[in-house]
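Beneath this line is the structure, given in structure tokens, with notes to follow.
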Amino acid sequence: MPRDYNPSAVEPKWQKKWEEAKAFSFDLDKAKDPFYCLVMFPYPSGARLHVGHWFQYSIPDSWCRFQRMRGKDVFHPMGFDAFGLPAENYAIKTGTPPAESTKENVDNMIVQFKRMGVMYDWDKALNTSTPEYYRWTQWLFLQMHKNGLAYRKDGNVNWCPSCQTVLANEQAQDGHCERCGTEVIQKPLTQWYWNITKYSQKLLDGLETIDWPEKTKIMQRNWIGRSEGCDVSWKVDGKDIVLETFTTTVDTIYGVTFAVISPEHPLIDQLITDEHKATVTAYKTLATKKTDLDRMMGDKGKTGVPTGSFLIHPFTGAKVPLWVADYVLMNYGTGVVMGVPAHDQRDMDFAKKYDFPIVQSIESESGETFVYDDVDKYNVKGKIIDSGEFTGLPILEGRKKITDTLTKKKIGKAKIQYKLRDWLVSRQRYWGAPIPVVYDPGGNPHPIPEEHLPWLLPTDVEFKPTGKSPLTYSKEFIARTEKIFGKGWRPEFDTMDTFVCSSFYYLRFLAEGNMEKLVEKEREKKLMPVDFYIGGPEHACMHLIYARFVMMALKDFGIVSHDEPFQRLFHQGLITNKGAKMSKSKGNVVSPDELVQKYGSDIFRMYLMFMGPFGEGGDWSDTGIKGIDRFVQRVYRLITEKVNKKVEQSSGLTAGLHAVIKKVSDDAERLHFNTAISAMMEFLNAAEKEEAISEETAKIFVQLLSPMAPHLAEELWEHMGGKGFVIDQEWPTYDEAMLVTDSMTIAVQVNGKVRGQITVATETPEKEIIAQAKSNPNVQKFLEGKDPKKEIYVKGKLVSLVVS
RNA sequence: GCCAUGGUGGCGGAACUGGUAUACGCGCACGACUCAAAAUCGUGUUCCCUCACGGGAUUGUGGGUUCAAGUCCCACCCAUGGCACCA
């Protein structure tokens with residue numbers, strides 16, 4: 001099938017020329033007005049790039065090309081998030097060492113990216129699994145440790161039985177493993193944590209300073225989960241024990257009719273009376289066996305058993321029965337909750353089931369009882385009732401007064417509580433950065449001195465999932481540790497969560513392999529924060545929160561000068577297949593290879609852009625790629641056959657040209673390439689109707705085209721004798737005055753309905769336009785000889801006449 | 001249950017601060033070229049009535065504001081994403 005434009009010859013030609021001319025190399029120190037644009041780096045999978053990759057990486061490339069032509073020094077690096085489970089699972093299956101398969105995959109992906117024609121500076125590419133990179137992952141751990149932000153703690157952790165490793169809370173959000181979907185169980189283990197909770201408030205405050213989608217900020221706010229409330233101390237009747245409860249609504253304290261304690265609470269054994277020992281022990285065993293998911297099953301499924309102990313109410317002195325119930329979480333608040341059935345739905349469910357009295361202690365403005373819900377939990381109007389000295393106070397005032405009174409009596413104090421928990425960074429996996437810690441013969445941990453970094457990942461391991469860290473079986477690893485630190489010393493066998501690797505990679509792009517420093521201060525100051533960061537919304541409470549934490553911590557350590565890593569964030573849409581997310585495991589990944597082979601990179605990526613706005617994505621279908629192919633062929637023919645140096649351009653086409661410059665500039669800026677392309681199509685339709693088009697017009701059109709179809713544009717630019725690369729040309733500007741045409745079409749409405757159109761010269765005065773509108777025959781018909789009551793003229797658009 | 005986003009032709013989707021809804025493209029139909037097909041070019045294409053001129057209806061549903069509503073307000077329905085015993 002002979003076609004005029006042949007991408008399979010043209011595209012490699014320009015890719016070669018760009019490479020030879022080093023057109024995309026970026027000098028970090030010489031950049032005058034640097035603009036740092038980053039797309040979340042990919043995992044180097046063994047499969048070929050799929051439609052989603054093309055969408056995610058080619059469209060930002062076009063955006064960066066556009067910004068570059070507008071005069072910005074665009075820094076748009078690429079790397080590989082190369083540690084992780086798939087390579088290890090592949091090793092378990094085939095015996096191929098992860099280092100080998102990963103390197104091969106990375107090399108393959110680079111070839112494919114080059115075929116795409118993206119303008120990455122490959123000299124700056126990163127691979128997080130190389131010792132040159134993970135040396136800094138380990139260095140970061142040492143910094144965290146040195147500054148008291150890394151610690152070891154034992155306790156129950158989220159364990160994925162399929163991945164055979166622990167998971168951070170963020171990676172087990174709905175009780176299922178973020179990677180494989182297996183139900184997560186609880187397991188007692190001693191693990192390394194990073195103290196992200198120390199930054200809870202800062203993470204919250206920082207959101208006000210960055211330009212991120214509101215929905216992502218909301219997700220982070222919910223995940224951090226700040227609540228203002230009050231701790232209250234309760235004496236246990238007949239025992240020398242004081243229990244703390246946390247509540248956000250201390251105004252309801254006179255409504256307390258019971259209290260509940262978490263089965264995991266450390267003091268629980270001392271609180272059980274003999275007659276309840278058997279039932280509580282049985283209940284505790286049952287609770288630990290349940291998964292988090294079972295425990296959350298339905299609000300009505302609340303269960304509990306009495307401890308036999310009673311708490312003394314701090315104001316009334318009443319004896320409040322204390323029960324054990326697994327709806328009370330040990331890792332939020334204090335692990336003990338005061339039960340106020342009249343004003344809390346959960347307490348009400350529990351009280352109804354076990355027959356506790358329901359005592360009202362607040363009422364709404366209209367004197368009715370109500371249960372606090374999420375909507376107006378903190379700003380309810382109404383007043384306190386039947387509450388001793390506090391009776392009659394407005395709710396908010398009473399809440400404060402009660403808190404103050406408790407504080408004065410030293411049996412309570414105001415408290416801010418967060419849902420965020422510390423980041424568990426240990427993983428019982430092989431393919432990750434080893435945690436740079438060794439243990440002395442007494443089992444005490446010691447950070448490895450920096451001079452021993454990179455603390456190399458050993459290679460003498462067998463890839464068998466045993467539930468123990470694979471590094472446990474490395475003879476070399478243990479021998480190395482003993483040689484350096486002494487007999488009986490042991491290395492830490494766990495590796496780090498791969499989210500640690502990706503929490504600082506944006507800084508490492510600025511280092512260009514510098515082994516002395518994580519990042520050079522001057523460069524960091526100049527190029528950070530990332531001006532435009534692109535990635536999926538699924539990272540809202542994982543990568544995007546970890547990276548912010550790490551950046552803030554590094555600032556406090558004096559390493560960097562900014563608090564926030566990503567100034568502006570943009571979420572690309574998701575390309576689905578028959579409504580389902582594409583994934584290798586589901587086997588529904590669509591390969592673009594055939595289409596790219598047939599149509600070339602330009603046409604394929606332009607088609608992806610034409611599908612809709614970049615932020616929206618959509619269901620995949622290749623019907624319609626023909627339309628872009630036709631467009632490209634027609635453009636090629638127009639420029640190669642119809643350009644005439646001597647022709648005087650018609651005023652209509654000139655106005656069209658200025659309009660298309662404006663439209664493409666505005667739309668490309670907000671990543672709405674779909675409408676930018678349709679504007680270019682409209683211009684092409686008009687241009688084809690002309691006898692010839694001027695070289696000037698043609699060159700501008702090719703410049704507009706070049707971010708979206710870079711190879712085609714270079715080819716046409718060369719054809720017209722343009723100097724240098726079109727990518728190095730300045731972006732065309734438009735003249736507002738040229739957008740005005742000689743005549744305009746005005747719609748005429750009668751009683752809100754369009755009844756006719758008139759065409760008038762642009763400068764026609766309003767009176768004249770209205771007169772002409774009224775004399776239009778079809779309009780006359782609807783005026784029925786009457787004079788309009790109201791006559792409205794909207795400049796350049798329409799005339800609205802109202803008769804009745 | 002709560003929070004967020006969205007609902008426009010056969011399909012992907014346009015429509016800026018309220019101002020001619022359905023741009024652009026796909027698909028489809030008819031025509032030209034061709035022995036024929038593909039490709040290409042031309043014409044038409046929201047639905048209903050009409051040979052036509054023209055008219056009526058229409059942006060998830062029902063109300064409202066306005067000369068004028070896809071756009072603003074109220075109520076509801078549906079879809080997608082996120083959170084979900086956080087005291």
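So that the names make sense, note that chain A is the first sequence line, chain B the second, and so on, each numbered from 1. Below, all heavy atoms of this structure are taken into account, side chains as well, without hydrogens, waters or symmetry copies.
Checked against rA15(B), rG82(B), rC26(B), the side chain of Arg670(A) finds its nearest nucleotide in rA15(B). The side chain of Phe782(A) lies closest to rG55(B) when the candidates are rU20(B), rG55(B), rA57(B).
Using a 4.0 Å heavy-atom cutoff across all strands shown, Asn778(A) reaches sugar-phosphate atoms only and no base atom. Contact annotation for Gln757(A): base contact, defined as any heavy-atom pair under 4.0 Å involving a base atom.
Atom-to-atom, NE2 of His343(A) to P of rC85(B) comes out at 23 Å; the value is rounded to the nearest Å. rU17(B) atom C1' lies 16 Å from atom NZ of Lys795(A), rounded to whole Å.
Remark on RNA chain B: of its neighbouring residues Ile792(A) and Pro613(A), the 5'-side contact belongs to Pro613(A), judged by nearest-heavy-atom nucleotide.
Side-chain contact of Lys415(A) with Gln417(A): a donor-acceptor pair under 3.5 Å is present, judged by distance alone.
For a distance-only test at 3.5 Å, the side chain of Lys626(A) fails to qualify as a donor-acceptor partner of the base of rC26(B).
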Show me the side-chain donor-acceptor pairs of residues 605-613 of chain A shorter than 3.5 Å, one per line, residues at least two apart or across chains.
residue, atom, partner, partner atom, Å
Arg605(A), NH1, Asp61(A), OD2, 3.4
Arg605(A), NH1, Met116(A), O, 3.2
Arg605(A), NH2, Ser58(A), O, 3.3
Arg605(A), NH2, Asp61(A), OD2, 2.7
Arg605(A), NH2, Ser62(A), OG, 3.0
Tyr607(A), OH, Ser621(A), O, 2.7
Tyr607(A), OH, Thr623(A), O, 2.8

Between N or O atoms, less than 3.5 Å apart, protein on one side and nucleotides 6-8 of chain B on the other: list the pairs.
none

Any protein N or O atoms within reach of nucleotides 41-50 of chain B? Criterion: under 3.5 Å, listing atom names and distances.
none

Taking N or O atoms only and anything under 3.5 Å, show me the protein contacts with nucleotides 21-24 of chain B, one pair per line.
residue, atom, partner, partner atom, Å
rA23(B), O2', Glu682(A), OE2, 3.1

Strictly under 3.5 Å: I want the nitrogen or oxygen pairs between protein and nucleotides 64-66 of chain B, one per line.
none

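At distances below 3.5 Å, not a single donor-acceptor pair connects side-chain atoms of Thr764(A) with backbone N or O atoms of Val760(A).
Pairing of rU45(B), defined by two Watson-Crick or G-U wobble distances under 3.5 Å, is identified with rG27(B). When both distances must be under 3.5 Å, the Watson-Crick or G-U wobble mate of rA39(B) does not exist.
Note: Phe673(A) and Phe614(A) fail the aromatic proximity criterion, with ring centroids not under 6.0 Å apart. Within the 6.0 Å centre-distance limit, the rings of Phe356(A) and Phe258(A) are counted as a close aromatic pair.
Annotation: cation-pi pair Lys302(A)/Tyr327(A) present, NZ/CZ under 6.0 Å from the ring centroid and within 45° of its normal. Arg548(A) forms no cation-pi arrangement with Trp423(A), by the criterion of a distance under 6.0 Å to the ring centre and an angle within 45° of the ring axis.
Within the structure, every side-chain polar atom (N or O) of Arg221(A) is placed at least 4.0 Å from both OP1 and OP2 of rC3(B).
Qualifying salt bridge (charged side-chain N to carboxylate O under 4.0 Å, His left out) partners for Glu688(A), counting only residues two or more places apart in sequence or in other chains: Arg634(A).
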